[in-house]
Each structure stands twice: as C-alpha cells, then as structure tokens.
Amino acid sequence: MIRVGIVGATGYTGVELLRMLSTHPNAKVSVVTSRAEAGRQVSDLFPSLRGVCDLVFSDVNPDELAANCDVVFYATPHATAMHHAEALLARGVKVIDLSADFRIRDQATWEKWYGVEHASAHLIPQAVYGLPERNRAKITSADLIACPGCYPTSVQLGFAPLLEAGVINAASLIADCKSGVSGAGRKAAVGSLLCESADSIHAYAVSGHRHLPEIKQGLGDFAGTEVGITFVPHLTPMIRGIQATLYATLTAECDLQALFEARYKDEIFVDVMPAGSSPATRTVRGSNVCRLAVHRPQGGDTVVILAVEDNLIKGAAGQAIQCMNIRFGFNEAEGLSLVGLMP
Ligand SMILES: NC(=O)c1ccc[n+]([C@@H]2O[C@H](COP(=O)([O-])OP(=O)(O)OC[C@H]3O[C@@H](n4cnc5c(N)ncnc54)[C@H](OP(=O)(O)O)[C@@H]3O)[C@@H](O)[C@H]2O)c1
C-alpha cells in the first residue's frame, strides 16, 4: 500500500482525487492540504466523503509530506509545485503535478505564458509529460510527472493517429473546444457565477490561451515536426465536460475509421466509436474515458474528429491516477473503473 499526499485537496481536481483514490486497493491518502481549511475535517467540508475519508486538512508542509507520503499530487494553481518539487524528490517522494509547472519544455515559453519566473527550471528536463497514450514507457520510471491540461488531452488524443500516420496537413489544424465551468476551478470568480455562465456560451482567449503552447508541443511530438494550430476555447453552461471538435485537411487517402481503431485498440481509456457517431460529454461524465469519433463530411478532404472527456477526470485527476498506477506498477485501471453517469 503506497501513501499518498494531495496538495490542494479542497479544489475540484483535489476532491476528485480523494473520491477515486478511496476505492484504490494499493493507495491510501495520508495527507491532504488546504491553507484556508487547515484543521477542518474533510468530511465536514465534503459530506460526500463522510464514512470514506477521516482525514483533516493541514497546511502545506513539505517536511510532513516527505515524511508521510510515497507520492504527492499537486492539485494546485501553477507556480506552486515548482517551489516544493525539489525537496520532495530529494527525499525519494514521487511528484505528480496536475498544474502546468513542468509541462512545457522551453522555460522561456513557459514564463511568457504563465507570467512568472520558473522557480525550479533545472527540474524541467526530468519531468515526463503524463499522457499515457504517448509516454507510457517513460512514465514507468518517472519521478516527476507533469499531467497534461484538460484541453490538451482531448486535442492530442484526437489528432494523434492522423499526425503519426502523416495523412494531414500539420501546418493548419483547427481545434474548436468547449469546456464546462469546473474547468476554472473552485475559487470564487464572477465568470463562474450561475447568472454569468448559465444559459449562454462564449469563446475566450481567442488570440492565445495558455494551453496553446502545450498543445503545439504535444502535437509536434506526435507529428515529428512543428505544427500550426488555431485553438479557440469556449465556456459552456455545463458543470463538467470538454467537447473538442477538430478539423484538418487530408493529404493522403486512408481508411480513417480503421486508423483510429488500430491506434487505440490497446488503450483502455480511449474509446473509438463506430463510424458516423457523435459522442456526447454526458457519456464520459464521471469516467476516465476520452471518447472519439472520426468523420469525413461528404467524402471531401476535410477530416473532423469529435473528442469528449470529463475535464476533471481524463482531463486531470483520473489521468493523474492513471500515471500513478503506471509509475508504481499497479493495474492501470485501478481506482478508475468508473462508468459515466447517466443521465
Ligand atoms: N479544473 C479542471 O478542469 C482542471 C483540469 C486539468 C488541470 N487542472 C489544473 O489542476 C490544478 C488544480 O485545479 P482545480 O480546478 O482543482 O483548482 P481549484 O479548484 O481552484 O483548487 C485549488 C486548490 O489549491 C490550493 N492552493 C491554492 N493556492 C495554493 C498555494 N499557493 N499553495 C498550496 N495550495 C494552494 C487551494 O486550497 P488553499 O488555497 O486552501 O490552500 C485548493 O485546494 C490547476 O493547476 C489547474 O490548472 C484543472
């Protein structure tokens, strides 16, 4: 049984980690942190965890984490894990960061998009990008895992088969993405108020979103060359879920359905739907699955990929647990055998 710490356990991804790890046969949460809720019972703040979790939130203390944990998840805003990672790694503790601190290989690019100086840039080269469908082998020995963002997961899984096969024009991709409001986290913010986010949809960060450099880096890895992409995120009036509608121009003939099915036949958390399908975010709500469908409208040269995922699970906490399972040699699906909620 490994001992797990969760820094930022009062946030949406943190409480999802707690919920899913409560069913894990090989992992037990031993430390949960929150600066604002230190001293409070977890089950007092989250009655959904009554009878499941008897821990008390504590303030963030890297020494306490190192002494009581084999692995620590950072479910915190960016520019948090980068201050603690070195101390934990030095004491043999694995770090799985759900934030962006170690996702981008180029320090200057990261600093430009996140607006702060990186506090432990020397650790960036040893971080492994936690997308199992690309980096499973590297994750098995990684001490520092940088989990992908929610949009980047759906966009990369959607485009990957086409980029690997070299059958699309990688210079002009389009990702039109929609996210539920939980993507913004649990902090109080006007844009997340019911009256501001319900019954309406709008695009944001059209000229450039922080996930853009991560998406470009990840797609470039699949393509083996630099890619060009227009990425437009939208806020939609739902609590969870991401829908990514992806467009590319075909440059070679290929059986798209067969290509996608072959690429993901061994991936337990990527579901390629039958030809002609339109996956709904509802079908992955609460599960670690990214569900895909591939289309070629009117038999033309535009390929359209539809990808849905739960932003809090395959887009965050579920994928982080999947990485933990791979790193510690557990069954990859342990704690993650969750079927989407219906309705
Ligand atoms: N929400 C999503 O769909 C999603 C998807 C993929 C990735 N992510 C990433 O995952 C991370 C967590 O997201 P979230 O949505 O769960 O955030 P959240 O709901 O806003 O929760 C943030 C948590 O971090 C703690 N925290 C904040 N600042 C801290 C600091 N300086 N030091 C220590 N703890 C701090 C907060 O508790 P206290 O302030 O009480 O300490 C809280 O528990 C973010 O980096 C986010 O970008 C989120």
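Every number for a ligand or one of its atoms is a count from 1 in the order of the listing.
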Are L306 and V304 side-chain neighbours, meaning at least one heavy-atom pair lies under 4.5 Å? yes
Does a donor on one side chain sit under 3.5 Å from an acceptor on the other, for T245 and Q243? yes
Check: H295 ring centroid to Y247 ring centroid under 6.0 Å: no
Using a 3.5 Å cut-off on N/O to N/O, what pairs does ligand 1 make with the protein? A line per pair would be great.
residue: ligand 1; atom: 1 (N); partner: S182; partner atom: O; Å: 3.0
residue: ligand 1; atom: 3 (O); partner: N311; partner atom: ND2; Å: 2.8
residue: ligand 1; atom: 16 (O); partner: Y12; partner atom: N; Å: 3.3
residue: ligand 1; atom: 16 (O); partner: T13; partner atom: N; Å: 2.9
residue: ligand 1; atom: 16 (O); partner: T13; partner atom: OG1; Å: 2.8
residue: ligand 1; atom: 19 (O); partner: Y12; partner atom: N; Å: 3.1
residue: ligand 1; atom: 19 (O); partner: R186; partner atom: N; Å: 2.7
residue: ligand 1; atom: 28 (N); partner: R35; partner atom: NH2; Å: 3.0
residue: ligand 1; atom: 31 (N); partner: R35; partner atom: NH1; Å: 3.4
residue: ligand 1; atom: 37 (O); partner: T10; partner atom: OG1; Å: 3.4
residue: ligand 1; atom: 39 (O); partner: R35; partner atom: NH2; Å: 2.8
residue: ligand 1; atom: 40 (O); partner: S34; partner atom: OG; Å: 2.7
residue: ligand 1; atom: 40 (O); partner: R35; partner atom: N; Å: 3.1
residue: ligand 1; atom: 40 (O); partner: A36; partner atom: N; Å: 2.9
residue: ligand 1; atom: 41 (O); partner: R35; partner atom: N; Å: 2.8
residue: ligand 1; atom: 41 (O); partner: R35; partner atom: NE; Å: 2.9
residue: ligand 1; atom: 43 (O); partner: G8; partner atom: O; Å: 3.3
residue: ligand 1; atom: 43 (O); partner: T10; partner atom: N; Å: 3.2
residue: ligand 1; atom: 43 (O); partner: T10; partner atom: OG1; Å: 2.5
residue: ligand 1; atom: 43 (O); partner: G11; partner atom: N; Å: 3.2
residue: ligand 1; atom: 45 (O); partner: T76; partner atom: O; Å: 2.6

Set out, in order, the CA-CA distance, both residues' side-chain angles and the distance that settles ring-ring contact (aromatic ring centres under 6.0 Å, His included) for H234 and Y204, then state yes or no. CA-CA 6 Å; H234 298 71; Y204 62 101; 7.9 Å; no
Let's go through F159 and F222 carefully: what are the C-alpha distance in whole Å and the side-chain angles of both, what is the deciding distance for ring-ring contact (aromatic ring centres under 6.0 Å, His included) to 0.1 Å, and is it a yes or a no? CA-CA 9 Å; F159 276 129; F222 281 108; over 10 Å; no
With R285, the side chain to side chain contact (heavy atoms under 4.5 Å, CB included) member among L312, L341, L338: L341
